[in-house]
Amino acid sequence: MNGARIRTIIGLELTQRVRSSTWYILLGVCAVILLAVTVLSFSVWSSADDRGVGVYSTVVFMALLLAVLVSPTLSGNAINGDRDAATLAPVQVTLATTGEILLGKFLAAWLTGLAFVVVAVPFMLIATFGGGISPLVVIVSLVILIAEIGVIAAIGVGLSGILAKPLFSVA
């Protein structure tokens, strides 16, 4: 495995993803959804004794749900989408091995998914200040969210390599 080739593949993938406006729209939609859930959670849990725990749990569950919904769309067409767009063949004729291409596409999908964690963190912190949440809980929640996005990215890239149609690998 050559780190330079993997970094090049990651750079190509990230450039393709960031160039489209869809990625920014998804980030914005996730932020709006998390904002609405946070505000509604504070109003719903306002009279409860364990208000902070309820608000934080609701926000974390929504962040996990959004990760499960968004990550497959980012990773599910990594290989077969490039095959359909005829951009995979030029990469395959380089010195990059199949493992390097696969690892580069996986890491790019994971990094793209981590942008949604960055969007979710402020809302998790706001919910934390609602009271009653240990910093250890926040750290564990973030680790689980990051790991979940990694697992989903790996499954999405794997299915993208196996299945011919991007729609099926995303679904």
Side-chain angles (χ1 to χ4, degrees), residues 1 3-38 41 56-85 87-88 91 96 98-128 135-171:
M1 294 263 171
R5 289 192 290 249
I6 293 172
R7 279 191 303 276
T8 302
I9 292 168
I10 291 171
L12 288 171
E13 283 288 308
L14 291 176
T15 302
Q16 282 180 326
R17 293 178 196 278
V18 173
R19 199 174 352 166
S20 73
S21 62
T22 306
W23 190 72
Y24 295 109
I25 293 170
L26 276 174
L27 282 173
V29 167
C30 285
V32 168
I33 289 171
L34 284 170
L35 176 66
V37 166
T38 304
S41 296
Y56 185 78
S57 296
T58 305
V59 171
V60 169
F61 290 147
M62 185 53 70
L64 290 170
L65 176 66
L66 288 173
V68 169
L69 293 175
V70 171
S71 290
T73 62
L74 299 173
S75 63
N77 63 355
I79 296 172
N80 53 19
D82 283 356
R83 191 179 313 129
D84 284 350
T87 57
L88 184 63
V91 174
T98 303
E100 291 169 345
I101 294 171
L102 190 61
L103 182 61
K105 289 187 176 288
F106 159 68
L107 290 174
W110 196 5
L111 286 171
T112 307
L114 290 179
F116 291 90
V117 174
V118 172
V119 169
V121 165
F123 300 102
M124 292 171 68
L125 291 176
I126 290 169
T128 301
L136 182 62
V137 171
V138 176
I139 293 169
V140 170
S141 301
L142 284 173
V143 168
I144 289 171
L145 186 58
I146 290 167
E148 177 192 22
I149 290 173
V151 168
I152 292 171
I155 291 170
V157 171
L159 288 175
S160 176
I162 294 171
L163 301 173
K165 298 286 183 190
L167 178 64
F168 295 131
S169 58
V170 169

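Only heavy atoms go into these numbers, but all of them, side chains included; no hydrogens, no water, no symmetry mates. Residues: numbered from 1 along the sequence shown.
Going from atom CZ of F106 over to atom CD1 of I155 covers 10.5 Å, rounded to the nearest 0.5 Å. If you take OG on S41 and CD1 on I126, they are separated by 11.5 Å, rounding to the nearest 0.5 Å. If you take OG1 on T8 and CD1 on I101, they are separated by 11.5 Å, rounding to the nearest 0.5 Å. Between I144 atom CD1 and I149 atom CD1 the span is 12.5 Å, to the nearest 0.5 Å. For the atom pair CD1 of I152 and CD of E148, the computed distance is 4.0 Å after rounding to the nearest 0.5 Å. In this structure, L107 CG and I9 CD1 are separated by 10.0 Å, a value rounded to the nearest 0.5 Å.
F116 is listed as a side-chain neighbour of L26, based on a closest heavy-atom distance under 4.5 Å. I10 places none of its side-chain heavy atoms less than 4.5 Å from the side chain of E13. Counting heavy atoms from C-beta outward, T58 and M62 have side chains that stay 4.5 Å or more apart.
The shortest heavy-atom contact between T112 and A108 is OG1-O, 2.7 Å. The shortest heavy-atom contact between A127 and V59 is CB-CG2, 4.1 Å. Closest approach of K105 to V157, counting heavy atoms only: O-CG2, 4.0 Å. M124 and L145 make their closest contact through SD-CD2, 4.5 Å (heavy atoms, listed as atom of the first residue, atom of the second, distance). Contact detail for L34 and T38: the closest heavy-atom pair is O-OG1, 2.7 Å.
No donor-acceptor pair under 3.5 Å is formed between the side chain of W110 and the backbone N or O of A154.
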